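One structure is given below, encoded as structure tokens.
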Amino acid sequence: MTKPVSLPLDSLHKEMGGHITDFHGFLLPVRFSSITEECQAVRTHAGLFDISHMGRFIVKGSGAVDAVNRLMTSNLSAVSPGKALYGILSNESGGAIDDIMAYRFSDDRVDLVVNASNREEDKRWIANHLPKGVSLEDPSPSHVGFALQGPRSGEILSLVESLAVALPRRGALLLPAPGGDILVSRTGYTGEDGWEFFGPEHQVATVYRKILSAGAPFGLKPCGLGARDLLRLEMGYPLYGQELTVATTPFDAGLGFAVSTKKGDFVGRKFLLDAEGNPLHHEDHRLLVGFSVKGRGIPRTDCIVSSASTGKVTGVVTSGGYSPAAGGGFGLAYVDRSFAEEFSLGAPAHVRIHEQSLPIVFRTRPFIQGGLN
Amino acid sequence: MEKRYTQTHEWIALNESGSEGTVGITDFAQKEVTDVVFVELPRIGKKVPKGGEAAIIESVKAAFSIYAPMGGEIIAGNQALDSNPALLNQDPLGQGWIFRLKLDNPSEFSSLMDEKAYNAYLSDGGGQPGHG
């Protein structure tokens with residue numbers, strides 16, 4: 001194991017009383033006050049997350065959009081400049097190398113934000129697939145990234161960085177700064193309105209500090225990974241490594257919306273779509289379903305799911321948690337394709353938690369009402 | 001009443017006769033566990049060896065096993081935690097106690113860490129991930 005990396009905001013987080021954890025080799029706050037309070041702050045007021053562990057790439061050169069588009073499942077050419085797009089970086093056999101955000105600025109400039117755990121792998125994969133004349137830069141080792149999330153984010157940001165407030169939902173812009181552009185977008189991973197910033201360490205850390213103090217009167221709280229995970233799970237968003245792996249396709253994970261049937265060829269298309277652009281089903285692939293627990297129990301990653309009528313093991317939990325807003329214990333599980341449909345129509349199932357079998361019921365995603373739904 | 005501590009961050013206090021012990025988790029453990037959602041209390045009459053799993057705390061973050069600091073038979077669980085699990089965060093050393101044991105061997109008490117030894121254990125890195 002290599003030593004975990006300290007990120008630029010680390011000493012500030014310690015001063016703020018952050019409880020630090022090792023997340024894929026990066027030291028990050030798991031919480032500052034209480035995970036529950038931090039979630040509540042994001043849903044009702046605002047929260048500020050350090051996301052400096054995430055990777056940001058800049059893809060530049062003639063035909064950059066087309067080059068990136070060939071590597072993504074969604075259609076970047078259909079997106080106008082100044083907009084962000086979610087998509088899957090797929091391998092030849094349709095498996096997810098990562099799930100990413102692409103920010104189109106011109107035909108010749110696309111920025112990407114990728115998961116921390118996949119940063120090096122993504123960089124190799126993308127760089128190996130770029131045509132001559134298109135290059136990839138990785139400013140992330142010396143950058144700071146943060147996410148301001150919650151219904152009062154706009155009011156807070158207007159006091160600090162008013163240019164960014166006017167961005168539409170999923171809009172993105174580049175703010176010039178010494179040491180490189182700051183990527184600003186109206187995006188997030190919580191289901192609430194919000195903005196994300198990535199850019200040179202010193203400049204972005206300054207904005208982070210300003211938001212922290214300007215936000216306090218609005219009920220803003222610094223938030224950790226614990227709240228981030230629960231907030232995304234309430235929305236049913238996937239986390240790479242749990243709901244998405246190289247063994248899963250976007251369709252398995254319920255991310256069909258992120259696979260364009262209209263765009264031209266892209267890596268993985270042959271495995272994902274037939275010649276007419278219809279999704280191909282792979283019977284041996286499990287499907288991701290949402291569920292909640294009836295009774296007292298919190299499902300966690302790797303808990304076993306079984307059919308209540310046959311007793312047969314039919315799946316495994318990928319993420320689970322507890323949220324009053326989501327109705328108690330709830331989670332996501334990959335279940336056998338044949339069982340997924342029965343379960344969604346009400347077939348009884350159990351989840352195994354600490355040697356006990358508790359009944360679960362199918363749930364549609366998101367698990368909560370509100371936010372941007 | 002004097003408390004003694006385990007490396008897995010439980011405390012135990014004996015009654016006057018020394019035949020029964022009350023068990024809870026330390027303030028350090030409470031902070032690590034974070035917001036408690038509920039506690040699986042042990043069944044009354046269950047026999048647990050010293051170091052055996054006796055209860056489970058479910059928090060927003062994860063599930064945590066609570067081990068018996070001394071061997072014995074469960075004679076009570078703190079029912080107040082059923083309706084108010086937050087007691088465990090608010091008052092871990094008092095009202096947030098978890099269960100009571102009728103002790104098999106009261107002399108095991110002296111083998112546990114006293115407060116000074118436990119604090120030294122914490123500052124020596126005993127609270128790092130991998131424990132508890």
Side-chain angles (χ1 to χ4, degrees), chain A residues 1 4 17-23 27-42 221 223-234 292-293 295-303 317 319-331 351-356 358, chain B residues 9 25-43 46-48 52-68 74 77-92 96 98-99 122-123 125-132:
Chain A
M1 288 291 283
H19 293 247
I20 310 296
T21 192
D22 177 350
F23 181 76
L27 293 174
L28 283 160
V30 66
R31 70 189 169 91
F32 290 90
S33 49
S34 120
I35 293 173
T36 311
E37 284 172 22
E38 290 170 20
C39 286
Q40 189 69 15
V42 173
K221 275 183 186 283
C223 298
L225 292 172
R228 186 167 164 82
D229 191 50
L230 197 56
L231 290 159
R232 69 93 192 167
L233 191 56
E234 286 181 336
S292 57
V293 178
R296 224 173 70 147
I298 305 180
R300 311 278 184 190
T301 307
D302 296 334
C303 285
V317 175
S319 294
Y322 178 90
S323 148
F330 73 112
V351 64
R352 195 92 185 136
I353 302 175
H354 311 312
E355 335 263 292
Q356 275 186 302
L358 296 172
Chain B
H9 309 287
I25 61 169
T26 65
D27 189 53
F28 171 83
Q30 168 280 118
K31 286 186 180 137
E32 282 299 301
V33 166
T34 70
D35 315 276
V36 176
V37 177
F38 50 73
V39 182
E40 290 288 344
L41 296 170
R43 180 175 52 79
K46 181 182 168 174
K47 292 197 161 46
V48 278
E53 186 183 274
I56 296 166
I57 297 178
E58 288 278 10
S59 81
V60 168
K61 188 165 124 188
F64 297 85
S65 295
I66 305 307
Y67 304 100
I74 304 289
N78 185 359
Q79 300 299 325
L81 293 175
D82 269 346
S83 52
N84 186 11
L87 272 180
L88 229 158
N89 294 117
Q90 292 154 4
D91 191 11
I98 301 171
F99 57 87
L122 283 184
S123 49
Q128 292 310 303
H131 291 262

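Nothing here was measured: the structure is a model prediction, and the numbers come from that model. Chain letters run A, B, ... following the sequence lines, proteins first, then strands; residues in each count from 1.
Across every non-hydrogen atom of B:Phe99 and B:Ala54, the tightest pair is CZ-CB, 3.5 Å. In this structure, B:Val48 and B:Ala68 approach most closely via the heavy-atom pair CG2-CB, 3.8 Å. In plain terms, the two heavy atoms of B:Leu41 and B:Ile98 that are nearest each other are CD2-O, 3.5 Å. When all heavy atoms of A:Gly331 and A:Pro299 are compared, the pair lying nearest together is N-CG, 4.4 Å. Residue B:Ala80 comes nearest to B:Leu87 through the heavy atom pair CB-CD1, 3.8 Å, listed as atom of the first residue, atom of the second, then distance.
Taken from CZ in B:Phe38 to CG in B:Leu88, the straight-line distance is 13.0 Å, to the nearest 0.5 Å. Distance check, rounded to the nearest 0.5 Å: NE2 of B:His9 to CD1 of B:Ile25 gives 10.0 Å.
Of the two parts of B:Val37, only the side chain, counted from C-beta on, holds a non-hydrogen atom closer than 4.5 Å to a non-hydrogen atom of chain A. For A:Ile35, the parts lying under 4.5 angstrom from a heavy atom of chain B are both the backbone and the side chain.
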Find the N and O donor-acceptor pairs between chain B and chain A that sit under 3.5 Å apart.
from, atom 1, to, atom 2, distance (Å)
B:Lys31, O, A:Arg31, NH2, 2.2
B:Asp35, OD1, A:Ser34, OG, 2.7
B:Asp35, OD2, A:Ser34, OG, 3.3
B:Asp35, OD2, A:Ile35, N, 3.0
B:Asp35, OD2, A:Thr36, N, 3.4
B:Asp35, OD2, A:Thr36, OG1, 3.4
B:Val39, O, A:Arg296, NH2, 2.8
B:Glu58, OE1, A:Arg300, NE, 3.3
B:Glu58, OE1, A:Arg300, NH2, 2.5
B:Glu58, OE2, A:His354, NE2, 2.7
B:Ser59, O, A:Arg300, NH2, 2.8
B:Ala62, O, A:Arg300, NH2, 3.1
B:Asp82, OD1, A:Arg296, NH1, 3.1

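Among A:Gly297, A:Gly226, A:Gly321, the residue with the largest count of heavy-atom pairs under 4.5 Å with chain B is A:Gly297.
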